[in-house]
Amino acid sequence: LVSMRSHNEIHKRFGYAQGRKVYYIYGAPCSGKSSYVDKVKGNSDLIIDIDLVWQSITGGRKYFKPDALKQCAFEIYRQLLDMAKTRTGKWERAYIITGGAHKGQRERQINDLGAEPIYIPSDKETCLRRLTNDKERDVSQWTEYINEWFSIYQE
């Protein structure tokens, strides 16, 4: 008979997997989170980004999010997060790309995932400028997302 902690260590689960790290990449919309991950990721790394989930299930544009598929998108995202948490698969690093504006929620997720947080700093003006150069996003909708993130962000 072994404790749950020992069981997880034996089976290399819940933060006990050797060499497998989870990174919680957070910051404002258009702050450069995806660009950062694109620069550091390897071929055997797991990238968890809700925008990429949407693109995958719609087969369309990255930011096209029909309500009819919302439940599917969030279930897939939840499953991917669980794979990172339990260290399921043979990936080397997992990068979770998210906003992370609420400190309490962010800290709970980081602890739950056994993740290392990486904040991608950017000021609002830079994010808005990047948005104007982005041909995939609806400028008025994403301006709201950026403004909201900066109004609720907690360090």
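Residue numbers count from 1 along this sequence.
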Report summary line: To the nearest 0.5 Å, atom CG of Leu52 lies from atom OG of Ser56 at 8.5 Å

Query raised in the report: Can you hop from Leu69 to Leu80 via hydrophobic side chains spaced under 4.5 Å?
Result: yes

Query raised in the report: Does a side-chain heavy-atom distance below 4.5 Å link Leu131 with Thr143?
Result: yes

**Report entry** Least distance between heavy atoms, Leu113 atom then Arg87 atom
**Finding:** O-NH1, 2.9 Å

Query raised in the report: So, do Asp51 and Lys65 sit near enough that their side-chain heavy atoms are less than 4.5 Å apart?
Result: yes

Report summary line: Nearest heavy-atom contact between Ser122 and Arg130 is OG-NH1, 3.6 Å

Query - Of Glu136, Gln55, Arg137, the residue whose pairing with Tyr63 passes side chain to side chain donor-acceptor pair (under 3.5 Å) - result: Arg137

Query raised in the report: Does any donor atom in the side chain of Asp123 or Thr126 lie under 3.5 Å from an acceptor atom in the other side chain?
Result: yes

Report task. Identify whether Ile47 and Met83 are in the same connected component of the hydrophobic contact network (ILVMFWY, side-chain heavy atoms under 4.5 Å). Result -> no

Query - Check: Trp91 and Ser44 side chains under 4.5 Å, non-hydrogen atoms - result: no

Requested in this report: Could you tell me whether a side-chain N or O of Lys33 sits under 3.5 Å from a main-chain N or O of Tyr26, the two making a donor and an acceptor?
Outcome: no

Report task. Any chance you could lay out the side chain to side chain contact (heavy atoms under 4.5 Å, CB included) test for Glu144 and Gln141, step after step, and finish with the verdict? Result -> CA-CA 5 Å; Glu144 286 181 38; Gln141 182 181 38; 5.8 Å; no

Report task. Could you please spell out the steps behind the side chain to side chain contact (heavy atoms under 4.5 Å, CB included) verdict for Ile118 and Tyr36? Result -> CA-CA 10 Å; Ile118 298 175; Tyr36 169 79; 3.6 Å; yes

Query raised in the report: Which pair of heavy atoms, one from Ile48 and one from Ala84, lies closest together, and at what distance?
Result: CD1-CB, 3.9 Å

**Report entry** Val37 and its side chain to side chain contact (heavy atoms under 4.5 Å, CB included) partner, picked from Ile96, Ile120, Ile25
**Finding:** Ile25

Requested in this report: State, to 0.1 Å, how close Thr132 and Lys135 come at their nearest heavy-atom pair, and which atoms those are.
Outcome: O-NZ, 4.1 Å

**Report entry** Side chain to side chain, Leu128 and Cys30, heavy atoms closer than 4.5 Å
**Finding:** no

Report task. Would you indicate whether the side-chain heavy atoms of Gln79 and Ile76 approach each other to under 4.5 Å? Result -> no

Query raised in the report: Between Gln109 and Tyr24, is a side-chain hydrogen bond (donor to acceptor under 3.5 Å, both in side chains) present by the stated rule, with each step listed?
Result: CA-CA 9 Å; Gln109 278 193 311; Tyr24 186 91; 2.9 Å; yes

Query - Test log, rule salt bridge (charged side-chain N to carboxylate O under 4.0 Å, His left out), inputs Glu155 and Lys103 - result: CA-CA 7 Å; Glu155 284 190 47; Lys103 184 178 182 179; over 6 Å; no

Report task. May I ask whether Trp142 and Phe64 are part of the same hydrophobic cluster, defined by side-chain heavy atoms of I, L, V, M, F, W, Y residues being less than 4.5 angstrom apart, directly or through others? Result -> no

Query - His102 and Gln154, any side-chain heavy atoms less than 4.5 Å apart - result: yes

**Report entry** Within the 6.0 Å centroid threshold, strictly below: Tyr119 and Tyr153
**Finding:** yes

Query raised in the report: Between Val53 and Tyr23, is there a shared hydrophobic cluster once you connect ILVMFWY residues whose side-chain heavy atoms come closer than 4.5 Å?
Result: no

Report task. Look at the side chain of Trp149 and the backbone N and O of Pro29, then say whether any donor-acceptor pair between them is shorter than 3.5 Å. Result -> no

Query raised in the report: Do Lys85 and Asp82 sit within salt-bridge range, that is, some charged N less than 4.0 Å from a carboxylate O?
Result: no

Query raised in the report: Between Lys124 and Ile146, is any pair of side-chain heavy atoms under 4.5 Å apart?
Result: yes

Requested in this report: Compare all side-chain heavy atoms of Tyr95 with those of Lys41 and state whether any distance is below 4.5 angstrom.
Outcome: yes

Query raised in the report: Going through the checks in order, is the side chain to side chain contact (heavy atoms under 4.5 Å, CB included) test met by Phe150 and Cys127?
Result: CA-CA 10 Å; Phe150 279 96; Cys127 294; 4.1 Å; yes

Query raised in the report: Any Lys/Arg nitrogen of Glu92 or Arg20 sitting under 4.0 Å from an Asp/Glu carboxylate oxygen of the other?
Result: no

Requested in this report: List the steps, then state whether side chain to side chain contact (heavy atoms under 4.5 Å, CB included) holds for Ile50 with Phe74.
Outcome: CA-CA 8 Å; Ile50 191 66; Phe74 285 108; 4.0 Å; yes

Query raised in the report: What are the two closest heavy atoms between Gly27 and Ser31, and how far apart are they?
Result: C-OG, 3.8 Å

Report summary line: Here the pair of heavy atoms bringing Ser34 nearest to Asp49 is OG-OD2, 3.6 Å

Query - From CA spacing to verdict: side-chain hydrogen bond (donor to acceptor under 3.5 Å, both in side chains), Asp138, Ser140 - result: CA-CA 6 Å; Asp138 177 270; Ser140 64; 3.0 Å; yes

Query raised in the report: Can you check whether Arg93's main-chain N or O pairs, donor with acceptor, with Asp45's side chain at less than 3.5 Å?
Result: yes

